[in-house]
Amino acid sequence: MNLKQHQEWLVDFYKKRDWYKYSSFIRLNFLTEEVGELSRAIRAIEIGRDHPGEHETKGEREYNLHEELADVMDQVLILCDKYDVDPDSLMAFSEKKLKKRFNEK
């Protein structure tokens with residue numbers, strides 16, 4: 001499955017559950033929440049968490065990282081759909097912007 005196929009599946013999944021109806025402003029809050037969860041996952045991997053009751057294995061931390069990265073990606077894909085932005089175009093857009101900014105070919 002490529003990015004566009006996943007986006008199409010995701011939009012359909014959200015619409016079936018009536019989740020797609022939320023405005024982009026609310027969706028941005030969901031994205032912010034997911035970025036916070038990603039931050040926690042990265043912290044657990046990089047410096048650990050000294051928290052009683054939390055004893056994740058290395059495998060569980062890596063699984064959680066993948067889960068949170070996917071959640072962030074899904075929120076971005078929904079926003080892309082709401083604004084009719086092709087997610088594949090973002091990679092080329094990013095590369096072009098950075099090359100221009102840093103005078104690279």
Side-chain angles (χ1 to χ4, degrees):
M1 181 179 290
N2 66 32
L3 191 59
K4 188 65 177 170
Q5 290 169 327
H6 176 69
Q7 182 188 33
E8 291 169 0
W9 174 87
L10 184 70
V11 167
D12 183 57
F13 184 87
Y14 271 49
K15 286 180 177 179
K16 285 179 182 174
R17 285 156 183 80
D18 209 23
W19 298 345
Y20 191 84
K21 68 179 178 187
Y22 296 112
S23 71
S24 296
F25 188 73
I26 290 172
R27 182 81 32 220
L28 185 58
N29 282 318
F30 294 158
L31 174 59
T32 301
E33 178 183 346
E34 295 302 345
V35 169
E37 292 173 7
L38 176 59
S39 296
R40 183 185 176 284
I42 290 173
R43 177 186 171 193
I45 290 170
E46 294 296 326
I47 64 173
R49 286 184 40 91
D50 187 14
H51 190 281
E54 288 187 21
H55 305 286
E56 295 176 323
T57 66
K58 182 178 187 245
E60 289 170 329
R61 289 189 301 269
E62 290 172 357
Y63 179 89
N64 187 241
L65 174 65
H66 281 82
E67 179 180 10
E68 300 309 338
L69 282 166
D71 289 348
V72 167
M73 182 183 73
D74 284 352
Q75 293 305 317
V76 170
L77 290 174
I78 293 294
L79 286 168
C80 283
D81 189 73
K82 286 187 171 280
Y83 289 101
D84 197 28
V85 173
D86 176 6
D88 287 323
S89 74
L90 297 177
M91 293 175 280
F93 187 91
S94 172
E95 187 175 327
K96 182 179 178 183
K97 175 189 77 171
L98 290 171
K99 284 179 176 179
K100 181 179 178 185
R101 183 178 293 165
F102 293 98
N103 297 316
E104 293 189 12
K105 292 181 181 185

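Owing to the predicted nature of the structure, the values given are computational and were not obtained by experimental measurement.
Judged as a salt bridge (charged side-chain N to carboxylate O under 4.0 Å, His left out), and not counting sequence neighbours, K96 has no contacts. Not counting sequence neighbours, R43 has no partner by the salt bridge (charged side-chain N to carboxylate O under 4.0 Å, His left out) test. Annotation: side chain to side chain contact (heavy atoms under 4.5 Å, CB included) contacts of E62 (sequence neighbours excluded): K58. The side chain to side chain contact (heavy atoms under 4.5 Å, CB included) test applied to S23 returns F25, I26, not counting sequence neighbours. Partners of F102 according to the side chain to side chain contact (heavy atoms under 4.5 Å, CB included) rule, which considers only residues two or more places apart in sequence or in another chain, are L98, E104.
Under the 4.5 angstrom side-chain criterion for Ile, Leu, Val, Met, Phe, Trp and Tyr, M1 has no cluster partners at all. With a 4.5 Å cut-off between side-chain heavy atoms of Ile, Leu, Val, Met, Phe, Trp and Tyr, the cluster of I45 takes in L28, L31, V35, L38, I42, L65, L69, V72, V76, L79, Y83, V85, L90. Residue I47 is found outside any hydrophobic cluster, as its side-chain heavy atoms come under 4.5 Å of no other Ile, Leu, Val, Met, Phe, Trp or Tyr.
At a threshold of 4.5 Å between non-hydrogen side-chain atoms, the residues H6 and D74 count as touching.
The structure places CD of E46 at 10.5 Å from CZ of R61, a figure rounded to the nearest 0.5 Å. To the nearest 0.5 angstrom, C80 atom SG is 11.0 Å from L10 atom CG.
Each side-chain hydrogen bond (donor to acceptor under 3.5 Å, both in side chains) pair with one or both residues in residues 25-36, not counting sequence neighbours, appears once here: R27-Q75. Listed by first then second residue, pairs satisfying salt bridge (Lys or Arg N to Asp or Glu O under 4.0 Å) with a partner in residues 78-90 number zero, not counting sequence neighbours. For residues 29-49, the ring pair (Phe, Tyr, Trp, His ring centres under 6.0 Å) pairs, not counting sequence neighbours, are Y22-F30. Under the salt bridge (Lys or Arg N to Asp or Glu O under 4.0 Å) criterion, the residue pairs touching residues 8-25 are D12-K16, D18-K21, with sequence neighbours excluded.
When atom types are taken as modelled, the side chain of E68 and the backbone of E37 share no donor-acceptor pair closer than 3.5 angstrom.
For E95, the CD atom is loosely surrounded, since the number of other residues' heavy atoms within 6.0 Å does not exceed 12.
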